[in-house]
Colleague: 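Mind looking over this structure? Questions follow.
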Number of protein chains: 2
Amino acid sequence: MVQKSKRPPSAARIAAPVAPKRRGRPRAYEPDVALGKALDLFRRDGFAATSLDDLSAATGMNRPSLYGAFGDKRELYIKSYQRYRDDARAAMVDIFRADAPLRERLERIYRIALDIYLSGESGPRGCFTVMTAASEAVSDPDIRNMVVEGLTELDKAFGICFRHAKERGELPEGADPASLAHLASATIHTIAIRARARVPRRELEAIVNGAIDLMCRAK
Amino acid sequence: MVQKSKRPPSAARIAAPVAPKRRGRPRAYEPDVALGKALDLFRRDGFAATSLDDLSAATGMNRPSLYGAFGDKRELYIKSYQRYRDDARAAMVDIFRADAPLRERLERIYRIALDIYLSGESGPRGCFTVMTAASEAVSDPDIRNMVVEGLTELDKAFGICFRHAKERGELPEGADPASLAHLASATIHTIAIRARARVPRRELEAIVNGAIDLMCRAK
DNA sequence: ACTTTTTTGTACCATTTCGCATTAAATTCC
DNA sequence: GGAATTTAATGCGAAATGGTACAAAAAAGT
């Protein structure tokens with residue numbers, strides 16, 4: 001009883017995608033896909049409107065299993081949000097790191113953002129941060145910190161983008177990378193909101209294109 | 001029983017702020033202030049997390065009275081949202097109509113927006129449209145229509161602003177008023193979201209000022 | 001004074017909600 | 001095969017929720 005960790009402590013963590021030989025009855029679910037389902041629900045309906053029964057039905061796990069695996073509803077919500085941010089970051093980080101012209105990088109970022117916001121069977125799913133986490137942020141300090149973290153992370157990524165572009169001469173001397181980054185984030189936010197109202201992709205793309213033009217020509 | 005309208009039908013509607021001489025027991029509440037309280041609650045907690053008990057406590061009306069005055073929870077929510085939009089519109093319409101330089105108009109609009117988003121005792125209250133209505137918009141067509149209406153109304157108001165400025169020579173020839181309007185709306189949206197995460201007014205003002213600089217110098 | 005009308009206040013109901021206690025099942029270790 | 005261990009499944013229970021029935025109260029009309 002000295003080692004209480006659920007995973008074998010050392011070697012298995014490095015490379016153990018198969019057969020950890022757990023001791024008791026095997027799980028009937030895969031935690032990752034279950035968390036994905038929970039994420040979808042929370043993202044669509046928000047925290048309060050998503051019941052444990054809904055989550056149970058969507059994940060295929062009954063409530064005690066849910067509870068055992070992820071903790072209570074709030075913990076599950078937070079883990080879902082973390083998962084969402086991880087996914088979104090993973091989808092964008094390569095583009096932010098890529099060594100491409102400013103316009104192309106922006107175009108690719110916004111294309112991915114639109115893909116995220118507009119996918120889903122039962123209507124556009126929008127952005128977790130904007131649609132539900134920001135609402136909880138007022139009353140829940142932990143969630144608030146995550147939201148602030150996510151917002152500033154995006155600002156910073158765009159900021160690096162624009163600073164880089166300025167150094168390369170893609171932007172005029174007077175351009176202010178920080179302000180441009182805020183505008184780039186604002187464009188993300190506005191399309192997230194509009195996507196939620198089922199504004200068609202065409203219109204969102206038009207907004208994005210106008211914003212990109214402005215940001216690339218910015219004095 | 002021919003006239004079933006609650007208000008006296010004609011004359012009284014024109015100027016009757018006093019003593020309509022209603023027939024039964026007088027109301028113990030003023031519908032307008034009660035709706036204001038309901039609006040605050042919905043705006044802070046969203047639709048699902050706001051219970052009728054909460055609403056009852058905040059308005060001072062017991063539940064049957066609430067029901068009688070405003071209909072069920074969804075109707076009350078919609079009426080709250082309408083009220084919010086009316087108030088916001090009323091606070092901004094003068095500025096949008098005023099004949100002032102572009103920069104000054106933008107500054108005044110954003111100052112009012114920040115006032116709306118940051119006021120309130122229990123933390124910043126954010127924007128009703130962005131924080132809760134957009135969430136409901138996916139599943140509720142009526143709310144969705146209201147959200148879309150509000151978004152395009154703001155876009156249009158900013159659009160007129162920029163077209164006007166361009167005609168006056170405040171903007172360069174190549175400036176695109178529609179795109180600028182979308183950016184102006186996006187700036188509203190981004191500060192609404194950040195306000196919800198308790199980002200301090202200082203930072204929001206910095207974001208706004210950067211955006212105004214960009215929009216006023218836009219090529 | 002009595003009826004009518006409108007609102008209030010209490011209490012209730014059916015349903016849903018979250019969380020957990022308990023038992024049954026499935027697997028590994030000895 | 002049996003003990004130990006981990007998970008699944010059923011279902012309970014206390015609280016909260018949205019909505020309403022019903023009687024008491026407060027005003028105006030007659």
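In what follows, every chain begins at residue 1, and chains take the letters A, B, ... in the order their sequences are listed.
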Colleague: May I have the distance from A:D72 (atom CG) to C:dC20 (atom C1'), rounded to whole angstrom?
Modeller: 12 Å

Colleague: C:dG19 P sits how many Å from A:L76 CG, rounded?
Modeller: 10 Å

Colleague: Determine whether a donor-acceptor pair (N or O, by modelled atom type, separation under 3.5 Å) exists between the side chain of B:T59 and the backbone of B:K37.
Modeller: no

Colleague: What is the distance from CG of A:D53 to P of C:dC18, rounded to the nearest Å?
Modeller: 7 Å

Colleague: If you take any heavy atom closer than 4.0 Å to DNA chain C, which residues from residues 32-52 of chain B end up in contact?
Modeller: none

Colleague: 5'-most contact on DNA chain C: A:G24 or B:L66, nearest heavy atom basis?
Modeller: B:L66

Colleague: Are B:T129 and B:Y81 close enough that a side-chain donor and a side-chain acceptor fall under 3.5 Å?
Modeller: yes

Colleague: Between C:dC18 atom P and A:Y77 atom OH, what is the distance in whole Å?
Modeller: 14 Å

Colleague: OP1 or OP2 of C:dT7 sitting under 4.0 Å from any side-chain N/O of B:R27?
Modeller: yes

Colleague: Within the 4.5 Å heavy-atom criterion, are B:Y117 and B:R125 side-chain neighbours or not?
Modeller: no

Colleague: Tell whether B:R23 reaches the base of C:dT4 with its side chain through a donor-acceptor pair below 3.5 angstrom.
Modeller: yes

Colleague: In the structure I gave you, are the side-chain heavy atoms of B:E205 and B:L114 within less than 4.5 Å of one another anywhere?
Modeller: yes

Colleague: Do A:R74 and A:D142 have side chains that approach each other closer than 4.5 Å (heavy atoms only, starting at C-beta)?
Modeller: yes

Colleague: Looking at B:Y67, I'd like to know if the NZ or CZ of B:R63 sits under 6.0 Å from its six-membered ring centre while staying within 45 degrees of the ring's axis.
Modeller: no

Colleague: We want to know whether A:T152 and A:D155 form a side-chain donor-acceptor pair, criterion being a heavy-atom distance below 3.5 angstrom.
Modeller: no

Colleague: Between atom CZ in A:F70 and atom P in C:dC18, what is the gap in whole Å?
Modeller: 16 Å

Colleague: Polar pairs (N or O, both sides) under 3.5 Å between protein and nucleotides 9-12 of chain D?
Modeller:
unit_1 : atom_1 : unit_2 : atom_2 : d
D:dA9  : OP2    : A:N62  : ND2    : 3.2

Colleague: Using OP1 and OP2 only, check whether a side-chain N or O of A:Y67 sits under 4.0 Å from C:dC20.
Modeller: yes

Colleague: Under 6.0 Å from the ring centre and within 45 degrees of the ring axis: does the NZ or CZ of A:R108 meet both conditions for the six-membered ring of A:Y110?
Modeller: no

Colleague: Do A:S65 and A:N62 pair up side chain to side chain, a donor and an acceptor below 3.5 Å, judged on atom types alone?
Modeller: yes

